[in-house]
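The figures here come from the full heavy-atom set of this structure, side chains too, leaving out hydrogens, waters and symmetry mates. Model, not experiment: these values are computed from the prediction.
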Amino acid sequence: MRWRAILLFGAPGSGKGTQGKVLGTIPAFCHISCGDVFRGMDLRTQVGQAFLKYSSAGQLVPDEVTVDLWRQHMAHLVTLGKFKPEIDHLVLDGIPRNVEQAKLLESDLKVEALFHLVCHDKAKLEDRLKRRALRDNRLDDASDSVIHDRLLTYEKETKPVLEYYGKKIVKEVDAEQFPFEVTRDILNQVQSTKASKTKRAVAGVGI
Ligand code: ADP
């Protein structure tokens with residue numbers, strides 16, 4: 001069974017984590033942040049060390065390591081009953097982060113929508129990352145050069161994921177609004193996606 005998923009997508013600092021946390025409080029939505037999965041690990045392990053090495057340089061952790069860790073984490077949540085695939089929608093933030101990961105996850109996920117949190121103002125993103133670094137003690141956002149590298153990695157490696165999923169799945173949301181307005185826009189789109197699917201199902205057209 002492929003799990004139904006909604007993806008939160010956008011540059012570092014675009015508000016994926018904030019939106020994911022809010023959406024995750026809604027019944028039948030299960031929010032998973034890939035960055036949080038990495039940060040929650042024992043940093044003395046091999047994978048923990050890899051995370052430190054790559055994230056502190058503004059780079060992505062290698063794909064196989066990332067997808068393996070994510071699968072292990074998901075299996076654990078299913079065992080604990082914290083994610084119920086028959087009932088819940090996954091709200092994924094931070095994964096897939098490049099086209100290779102999207103391909104690897106094809107067998108795990110049925111992606112129903114990807115919300116692209118669009119923020120054109122680079123200075124705003126940098127400012128948000130710096131404030132978060134101070135607040136949450138995030139080493140990966142601590143210096144200007146790492147922030148610069150993370151934004152570059154996003155442009156080069158992550159953004160092509162938009163093309164991979166295509167126009168039917170990708171929905172743009174203005175991330176420069178207040179957080180509650182971003183949440184409102186996402187939920188409105190979830191509702192209209194659901195409504196059009198129901199309509200198609202009733203008309204006997206495959207989803
Ligand atoms: P942000 O919320 O700022 O986008 P995250 O907390 O999602 O950042 O990720 C922090 C770091 O963890 C990334 O810079 C990267 O090194 C690593 N990471 C998180 N998710 C992935 C992923 N899917 N693939 C590879 N590396 C990842």
Could you measure the distance from the CG atom of L92 to the CG atom of L109? Nearest 0.5 Å is fine. 6.0 Å

Are the side chains of V190 and F115 in touch, meaning some heavy atoms are under 4.5 Å apart? yes

Tell me, do L125 and S14 make a side-chain contact under 4.5 Å, heavy atoms counted? yes

Rounding to 0.5 Å, atoms CG (L129) and NE2 (H148) come to a distance of 13.0 Å

Show me, pair by pair, the donor-acceptor contacts under 3.5 angstrom made by side chains of residues 17-26, not counting sequence neighbours?
from, atom 1, to, atom 2, distance (Å)
Q19, OE1, T183, N, 3.3
Q19, OE1, T183, OG1, 2.7
Q19, NE2, P179, O, 3.1
T25, OG1, V22, O, 2.6

Among K130, R131, K124, salt bridge (Lys or Arg N to Asp or Glu O under 4.0 Å) partner for D127: R131

Got I186 and Q189 here, is their nearest side-chain heavy-atom distance under 4.5 Å? no

According to the salt bridge (charged side-chain N to carboxylate O under 4.0 Å, His left out) rule, which pairs have a member within residues 152-165, sequence neighbours left out? E155-K159

In terms of hydrophobic clustering (I, L, V, M, F, W, Y; side-chain heavy atoms under 4.5 Å; direct or indirect links), are V91 and W3 co-clustered? no

Assess whether atom CD of E181 is packed by more than 12 heavy atoms of other residues, nucleotides or ligands within 6.0 Å. yes

Pairs meeting criterion salt bridge (charged side-chain N to carboxylate O under 4.0 Å, His left out) with involvement of residues 42-51, two or more places apart: D42-R44

In terms of hydrophobic clustering (I, L, V, M, F, W, Y; side-chain heavy atoms under 4.5 Å; direct or indirect links), are V173 and Y165 co-clustered? no

Identify, with sequence neighbours excluded, every residue that meets side-chain contact (heavy atoms from CB on, under 4.5 Å) alongside K122. E126, L151

Residues two or more places apart in sequence or in another chain: which of them pass salt bridge (charged side-chain N to carboxylate O under 4.0 Å, His left out) with D174? none

For A123, check side-chain contact (heavy atoms from CB on, under 4.5 Å) against everything at least two apart and list the hits. D121

Please say yes or no: joined through hydrophobic side-chain contacts below 4.5 Å, possibly via intermediate residues, are V111 and M74 part of one cluster? yes

Counting C-beta onward and ignoring hydrogens, is there a side-chain heavy-atom pair between T158 and F9 closer than 4.5 Å? yes

Given a cutoff of under 4.5 Å between side-chain heavy atoms of I, L, V, M, F, W and Y, with clusters grown through shared members, what are the other residues clustered with L152? none

Got a sec, which residues hit side-chain contact (heavy atoms from CB on, under 4.5 Å) with C34, two or more places apart in sequence or on another chain? F38, T66, I95

Check side-chain contact (heavy atoms from CB on, under 4.5 Å) between A50 and all other residues, then give those that pass, not counting sequence neighbours. Y54

Compile the donor-acceptor pairs under 3.5 Å between side chains in residues 81-90 and protein atoms, sequence neighbours left out, one pair per line.
from, atom 1, to, atom 2, distance (Å)
K84, NZ, G81, O, 3.2
D88, OD2, K84, N, 2.8
H89, NE2, E112, OE1, 2.8

CD-NZ distance between Q49 and K53, expressed to the nearest 0.5 angstrom: 10.5 Å

The reported gap from CG in L114 to CD in E172 (rounded to nearest 0.5 angstrom) is 10.0 Å

Go through L77 and I32 one step at a time and tell me if the side chain to side chain contact (heavy atoms under 4.5 Å, CB included) criterion holds. CA-CA 10 Å; L77 292 184; I32 311 290; 3.2 Å; yes

Running the 4.5 Å side-chain criterion over Ile, Leu, Val, Met, Phe, Trp and Tyr, what cluster does L134 land in, apart from itself? none

According to side chain to side chain donor-acceptor pair (under 3.5 Å), does anything in residues 70-81 pair up with another residue at least two apart or in another chain? List the pairs. R71-D108

Could you give the distance from CG (L117) to CD (Q177), rounded to the nearest 0.5 Å? 10.5 Å

Is there a path of hydrophobic side-chain contacts, each under 4.5 Å between heavy atoms, that joins L8 and L187? yes

Can R97 and Y154 be said to form a side chain to side chain contact (heavy atoms under 4.5 Å, CB included), step by step? CA-CA 8 Å; R97 226 173 170 109; Y154 171 74; over 6 Å; no

Pairwise distance CG(L162) to CD1(I169) - rounded to 0.5 angstrom: 12.0 Å

I'd like to know if L7 and V67 are part of one continuous hydrophobic network [Ile/Leu/Val/Met/Phe/Trp/Tyr, side-chain heavy atoms within less than 4.5 Å]. yes

